[in-house]
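Read the structure below first, then the notes.
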Amino acid sequence: MARWQVPAGGAVGALDDLLVGAVDAFPRGRLEALLAQGRPLRVKLGFDPTKPDLHLGHAVVLEGLRRFQQAGHQVVLIIGDFTARIGDPTGKEAARPPLTASEVAANARTYLEQLGRMIDLDKAEIHHNATWLEPMDLAGVLRLLGQATVAQMLARDNFARRHERGDAIGLHELLYPLLQGQDSVEIRADVELGGDDQRFNLLVGRDLQATAGQEPQACVTYGLLVGTDGHEKMSKSIGNDIPLTCPPEDMYGRVMSVPDAALPDWWRLASARGADEVRAVCADLAAGSLHPRDAKMRLARAIVARFHDAEAAGIAEEAFVRRFQERALPLEIPDADAWPAGMPLSPLLVKLGLAATTSDARRLVTQGGVRCHGPEGTVETLGEPMMPVGPERVGQILQVGKRRFVRFGRPGTA
RNA sequence: GGGGGGAUUCCCGAGCGGUCAAAGGGGCCUGACUGUAAAUCAGGUGGCUCUGCCUUCGAAGGUUCGAAUCCUUCUCCCCCCA
């Protein structure tokens with residue numbers, strides 16, 4: 001996976017912290033040379049607003065960007081409102097359906113809100129790439145196309161894989177890296193940040209800049225954070241993500257479900273702590289002197305604190321310990337009011353949002369996944385899918401699976 | 001343009017006239033164990049008014065007592081040749 005390496009040479013301390021989470025900076029020495037000029041650099045980061053939510057995986061590069069901003073450099077954000085309509089083929093096993101302009105616009109708004117949690121947007125330049133890509137005419141497109149060869153494009157892992165497997169590759173997809181590179185030309189980027197899988201796209205930007213008579217940008221790539229499953233790159237569509245907007249308690253819990261093996265990566269990429277601390281934790285984990293569970297709890301607290309605040313993180317941790325380590329009922333349990341008393345259990349579970357379908361509810365009940373917490377700590381397993389649930393349950397707590405709870409409040413009519 | 005192959009339940013992938021709601025694996029869910037980790041074990045995984053009924057096998061028609069399986073047309077994908 002992502003290795004912990006910082007470009008050779010340069011002032012270790014500052015550069016080290018500037019590049020926490022970075023996998024590589026290239027070409028060699030370029031970034032150091034730029035930094036040595038002592039002027040604020042134009043640091044570019046592009047985002048295609050293809051989904052409404054950003055998650056921890058996106059935050060890796062954003063943290064890098066934040067560090068550049070804090071060091072006094074000029075952040076230049078590109079909202080890829082045009083490129084989003086094509087779709088970045090990077091990491092895609094299949095072509096994806098294009099988005100409409102209005103979907104993109106809606107996503108872009110929520111993106112900026114979320115970016116504001118990490119970046120000082122008032123000090124950032126924000127561009128939409130439709131500004132220059134939309135009006136481009138065929139002559140311009142052809143000029144761009146002339147910058148790359150078929151062999152170069154096919155050299156890319158994912159294109160090559162898809163091609164070999166006999167999957168479709170749209171011609172417009174091949175154009176994508178060139179468009180991203182054009183963005184660098186338009187905003188005269190000194191540095192572009194991106195995920196480790198963006199290497200190719202970042203390099204294309206350099207080529208286009210050179211052709212346009214500009215100094216080619218330095219590129220910094222960041223590690224790809226694996227999802228909560230510990231294997232696949234974090235992604236909402238796989239369902240292994242943690243959204244930045246995730247509530248504190250849930251966020252804490254999701255971090256705790258990450259497999260131990262992924263911990264070092266998560267510390268490097270998601271903790272947003274200093275280089276020294278990260279190194280120390282990784283070393284202790286490797287040496288066995290730090291219990292993985294404790295390292296994970298520290299991490300979970302750090303992450304929640306990062307996107308909410310320290311107080312919320314403390315509360316989330318208490319709730320977690322109480323619920324999962326002491327196996328007590330959670331403190332906050334939603335009340336079900338006006339629930340249809342007398343209704344059979346399975347449909348009731350659906351009504352209360354605790355099961356997806358009646359059949360699903362039946363399965364849960366049959367398999368002993370549905371319990372009712374009565375007075376004085378009594379627990380009763382409800383095993384009859386169609387047993388009627390009457391008003392005598394008021395005040396009791398219904399538990400489905402490990403984490404779904406509801407307290408019976410005022411009953412309504414069935 | 002010519003020839004060939006293919007589209008199956010969340011994914012991969014069997015099935016090739018009835019015994020198919022459809023093998024197997026993955027994922028996911030529930031239970032046991034536990035550190036909401038890993039590994040492991042057991043069960044489940046279309047819907048419903050659930051020992052039965054209804055809807056699914058790219059789309060629409062057709063043959064048949066009966067079709068995911070046969071025929072026709074259509075849509076999409078891939079390969080080879082040009």
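Chain A is the first sequence line, chain B the second, and so forth, proteins listed ahead of strands; every chain is numbered from 1.
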Pairwise C1' distance, B/rG66 and B/rG13 [rounded to whole Å] | 27 Å
Which part of the nucleic acid, if any, lies within reach of A/Pro259 when heavy atoms closer than 4.0 Å are counted: base, sugar-phosphate only, or nothing?
-> sugar-phosphate
May I ask you to say what A/Gly401 touches in the nucleic acid, namely base, sugar-phosphate or nothing, with a heavy-atom cut-off under 4.0 Å?
-> sugar-phosphate
Could you check which of B/rG44, B/rG35, B/rU49 has an atom nearest any side-chain atom of A/Thr358?
-> B/rU49
Toward the 5' end of RNA chain B, by each residue's nearest nucleotide, A/Pro347 or A/Val370 = A/Val370
Determine the interatomic distance between C1' on B/rC33 and the same-named atom on B/rA39; round to the nearest Å.
-> 11 Å
Indicate yes or no: at least one non-hydrogen side-chain atom of A/Met118 is less than 4.5 angstrom from one of A/Glu63.
-> yes
Passing option when A/Leu349 is tested against A/Asp360, A/Val406, A/Leu398 for side-chain contact (heavy atoms from CB on, under 4.5 Å) | A/Leu398
From CG of A/Leu349 across to P of B/rC29 the rounded distance in Å is 17 Å
Base-pairing mate for B/rC10 - Watson-Crick or G-U, with both contacts under 3.5 Å = B/rG26
Any N or O donor-acceptor pair linking the side chain of A/Arg403 to the base of B/rU36 at under 3.5 Å?
-> yes
What's the closest nucleotide to the A/Arg363 side chain, out of B/rG44, B/rU30, B/rG35?
-> B/rG44
Protein-nucleotide distance (A/Asp229, atom CG; B/rA38, atom P), rounded to Å | 10 Å
C1' atoms of B/rG44 and B/rC10, separation to the nearest Å = 15 Å
The nucleotide from B/rG35, B/rG47, B/rA38 with an atom nearest the side chain of A/Thr357 is B/rG47
d(NZ, A/Lys402; C1', B/rC28) in whole Å = 13 Å
For the pair made of CZ in A/Arg404 and P in B/rG31, what is the distance, rounded to whole Å?
-> 9 Å
Separation between the C1' atoms of B/rU49 and B/rC54, rounded to whole Å | 12 Å
Look through every strand shown and name the nucleotide pairing with B/rU55 as Watson-Crick or G-U wobble, where both distances are under 3.5 Å.
-> none
Name the closest nucleotide to the A/His291 side chain, picking from B/rG35, B/rC50, B/rU30.
-> B/rG35
Return the nucleotide paired to B/rC41: Watson-Crick means purine N1 to pyrimidine N3 with N6-O4 or O6-N4, wobble means G-U with N1-O2 and O6-N3, both under 3.5 Å.
-> B/rG31
In the structure shown, which nucleotide is the Watson-Crick or G-U wobble counterpart of B/rG1, with both distances under 3.5 Å?
-> B/rC81
Results of salt bridge (charged side-chain N to carboxylate O under 4.0 Å, His left out) for A/Asp309 - residues two or more places apart only | none
Going by heavy atoms in the side chains, are A/Arg293 and A/Arg298 under 4.5 Å from each other?
-> no
Using the C1' atom in both, what is the distance from B/rC41 to B/rG4, to the nearest Å?
-> 48 Å
Would you say the base of B/rG35 and the side-chain of A/Asp294 have a donor-acceptor pair closer than 3.5 Å?
-> no
Over how many whole Å does the gap from A/Leu364 atom CG to B/rG47 atom P extend?
-> 11 Å
How close or far is atom C1' of B/rU30 from atom CG of A/Asp360, stated in whole angstroms?
-> 10 Å
Considering every strand shown, what is the Watson-Crick or G-U wobble mate of B/rU64 when both distances are under 3.5 Å?
-> none
Rounded distance in Å between the P positions of B/rA21 and B/rC71 = 23 Å
Atom P, compared across B/rA68 and B/rU75: separation rounded to whole Å = 24 Å
Send over the distance from A/Leu290 CG to B/rG35 C1', rounded to a whole Å.
-> 13 Å
Spacing of A/Gln399 atom CD relative to B/rU30 atom P, expressed in whole Å = 10 Å
Less than 3.5 Å between a donor and an acceptor, one on the side chain of A/Gln325 and one on the base of B/rG35, is that the case here?
-> no
Full working for side chain to side chain donor-acceptor pair (under 3.5 Å) between A/Asn201 and A/Gln180 | CA-CA 7 Å; A/Asn201 293 0; A/Gln180 179 173 338; 3.1 Å; yes
Hey, are A/Lys233 and A/Asp196 close enough for a salt bridge, meaning a charged N less than 4.0 Å from a carboxylate O?
-> no
Walking RNA chain B from its 5' end, the first of A/Arg371 and A/Ser359 to be reached, judged by nearest nucleotide, is A/Arg371
Nearest-Å distance once atom P is located in both B/rA42 and B/rU8 | 31 Å
N-O pairing of A/Asp335 and A/Arg410 below 4.0 Å = no
State whether the distance check finds a donor on one side and an acceptor on the other, under 3.5 Å, for side chain A/Arg327 versus base B/rU34.
-> yes
